[in-house]
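See structure below.
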Amino acid sequence: MDSRCASAGRSGNVAGGARSRRESDRYGKYVSLSVPVHLVNPSMSIHVHPSMARRPLAGTDASRPRPARTATRLPHIISGGVAMRRTRIAEVLSTERIGQTVNVKGWVRFFRQGRFLLLNDGSTIHNVQAVVDQEHFDEARIRKLTTGAAVSVTGEVVASAGTGQVVEIFVSDVTILGEAQPSEVQKTILQPKTHTLETLREQAHLRFRTSTFGAVFRIRHALAFAVHQYFNDRGYFNIHTPIVTAADAEGAGEMFQVTTLPLDRLPRTPDGLIDYGEDFFARKTSLTVSGQLEAELAALALGQVYTFGPTFRAENSNTSRHLAEFWMIEPEVAFNDLQDNMDLGEDFLRYCVRYATVHCADDLNFLHQREVKAEAQLLKDQRNEMPLLERLAFVIDNEFARLTYTEAIDVLRDSRPYKKGRFTYPVEWGTDLQSEHERYLVEKHFKKPVILVDYPAETKAFYMRLNQPDDQGRETVAAMDILFPGVGEIMGGSQREERLDVLRQRCDAFDIPAEEMWWYLDTRRFGTAVHSGFGLGFERLVMFVTGMGNIRDVIPFPRAPKSADF
RNA sequence: UCCUGAGUAGCUCAAUGGCAGAGCAUCCGGCUGUUAACCGGAGGGUUGUAGGUUCGAGUCCUACCUCAGGAGCCA
């Protein structure tokens with residue numbers, strides 16, 4: 001980046017200081033000289049400054065002629081959009097540009113009164129209003145300014161004469177880049193009205209254009225960026241664990257098989273079994289359900305690592321919290337015990353939420369208002385106790401409640417709903433907590449995120465570290481689950497079993513063939529060490545931050561049972 | 001996979017077993033500094049699919065499909 005800035009500076013063909021050179025460099029690749037002249041208003045004169053066609057820069061895409069930055073600096077370039085670089089609408093609205101001529105490209109949201117063109121280019125939740133003076137343009141072109149069309153607009157930024165916006169663009173030229181037939185648009189979610197989330201889901205390829213999904217996916221990006229930022233700043237290394245795996249022992253759920261065998265004529269062994277020796281990898285393989293085991297290997301050498309990749313579960317889960325394909329973040333840290341693991345999980349979650357509130361204020365504000373409007377129509381007991389922005393602030397400002405599974409059982413047995421027989425499922429030590437129990441703890445009792453630790457050994461995975469039996473001889477493992485309001489289990493992790501003999505016993509108890517796990521067990525043979533990690537469902541984090549109630553609305557193209565459209 | 005509910009115009013929803021409707025959107029016309037613009041008019045339907053009951057079914061019954069909410073599995 002720095003070197004590219006320097007070369008832009010050397011070219012010296014752009015007026016202005018260091019800042020404008022950097023901006024020119026950043027946007028230079030979007031510049032196009034070839035505006036289709038037949039789409040330009042014939043009544044407008046087109047002036048091309050000599051600087052438009054000169055001095056290629058050395059190498060790189062910047063070797064195209066460079067445009068003037070603004071009409072203010074080169075006032076003799078007055079119109080036509082020719083060779084003007086595009087300005088993102090976010091930039092037009094957030095910086096002081098009154099008096100400058102800008103070019104924006106985007107999609108029409110509304111065209112009110114044949115005069116007010118509301119454009120959005122995805123750079124921000126906000127639209128820019130472009131005022132089209134009909135007398136200056138032929139009717140044929142005006143008629144193509146319809147909802148959904150892609151257009152390029154050039155004009156002066158002026159203080160708005162209306163009251164709904166601070167600035168607007170007074171259009172000197174408008175070009176239709178891509179038409180949208182109103183009769184066809186009318187059949188899609190692009191028609192400017194409120195649609196249900198179910199309808200939007202049926203047109204997932206178009207829902208990016210809506211305000212809600214624009215906001216959701218900008219926030220999703222910010223959170224993904226925050227994940228890498230957090231770990232990078234703290235000396236973690238990102239590990240790309242395999243997507244195709246032969247490990248069948250992770251115990252994290254049903255797996256999607258990966259094969260190149262002909263399904264209509266499977267090769268058989270003499271015993272009549274499927275002959276996986278003929279398969280692509282010469283063994284049975286599947287899509288990964290977790291990168292944890294591989295991340296452990298890396299952590300026991302690189303110290304602290306994390307994965308952030310796709311994960312696949314072939315469970316027949318039909319809920320608002322499950323996907324067949326989702327993204328998971330799995331840090332793994334050598335020498336961390338369960339306490340360190342909890343501290344990491346809590347600090348990490350707080351960091352991500354805070355990052356979103358700082359970097360996505362406009363989008364979160366929109367989703368907040370959207371939620372407030374939607375909740376106004378719900379019955380009181382169905383509403384969230386806190387609106388979105390308060391929920392986020394609450395997580396940032398308050399420490400999570402921490403307690404053991406055994407203590408949680410006591411809390412539940414002491415609760416009103418338990419004593420009044422309101423729980424559907426029994427509360428007994430040794431069984432997994434049900435959704436209703438977790439929800440009570442998070443939403444009613446503690447009213448904040450809860451970290452539960454030390455679960456009964458038989459309910460958890462083989463790799464979790466076995467604790468000392470308690471005074472009643474009950475066995476637990478050093479597992480931790482972080483529960484969030486509305487989302488449920490957002491994170492699950494543990495201290496790993498580092499003792500070879502205990503791990504072997506656990507493999508036996510879970511019917512896991514130790515010989516297939518030789519590479520995993522090897523780490524316990526050569527310099528084994530205490531280590532811990534967790535898995536965070538990325539979409540569940542996005543759900544919490546955006547307030548979306550269905551996980552299928554926080555991933556662009558959801559995969560779920562009987563559903564892989566788009 | 002289980003439980004509950006839903007499926008009627010492009011969208012959101014009405015319609016006691018008796019003529020299938022409204023608002024918005026679309027199209028045509030008007031108005032023109034609008035803010036989910038407004039005013040007038042028009043077009044738009046195999047009521048999810050397949051059977052059944054009935055003189056008559058959007059409405060009742062059966063099966064299936066899809067979706068939603070909840071449960072299980074989990075992140």
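Naming: A, B, ... by sequence-line order, numbering from 1 per chain. Nothing here was measured: the structure is a model prediction, and the numbers come from that model.
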B:A68 phosphate, OP1 or OP2, under 4.0 Å from A:R201 side-chain N/O: yes

Under 4.0 angstrom between A:T163 side-chain N/O and B:U35 OP1 or OP2: no

A:H228 side chain near A:N238 side chain, heavy-atom distance below 4.5 Å: yes

A:L483 CG - B:A75 C1' separation (whole Å): 12 Å

Whole-Å distance separating the CZ atom of A:F111 from the P atom of B:A37: 13 Å

Check: A:H322 side chain, B:C74 base, donor-acceptor under 3.5 Å: yes

Interatomic distance where CG belongs to A:L433 and C1' belongs to B:C73 [whole Å]: 15 Å

B:G72 phosphate, OP1 or OP2, under 4.0 Å from A:Q434 side-chain N/O: yes

Protein-to-nucleotide contact annotation, 5' to 3' order, nucleotides 25-30 of chain B [B base; S sugar-phosphate only; - none; under 4.0 Å, heavy atom]: BSSS--

A:D133 CG - B:U34 P separation (whole Å): 15 Å

Sugar-phosphate only, base, or nothing, as touched by A:S317 at under 4.0 Å among non-hydrogen atoms: base

Nearest-angstrom distance from the residue atom CD of A:E198 to P of B:U12: 8 Å

Interatomic distance, A:Q203 CD vs B:C67 P [rounded to whole Å]: 15 Å

N or O in side chain of A:R540 less than 4.0 angstrom from B:C74 OP1/OP2: no

Heavy-atom check, side chain of A:F217 versus side chain of A:H221, under 4.5 Å: no

Aromatic-base stack, A:F326 on B:A75, cutoff 5.5 Å, angle under 30: yes

Separation of atom CZ in A:F116 from atom P in B:U32, rounded to whole Å: 13 Å

Integer-rounded Å distance: B:G72 C1' and A:F423 CZ: 18 Å

Contact under 4.0 Å: A:T196 side-chain N or O vs B:U12 OP1/OP2: yes

Verdict with supporting geometry, A:H437 and A:F423, ring-ring contact (aromatic ring centres under 6.0 Å, His included): CA-CA 8 Å; A:H437 305 145; A:F423 287 137; 4.8 Å; yes

Donor/acceptor link under 3.5 angstrom from A:E202 side chain onto base of B:U66: no

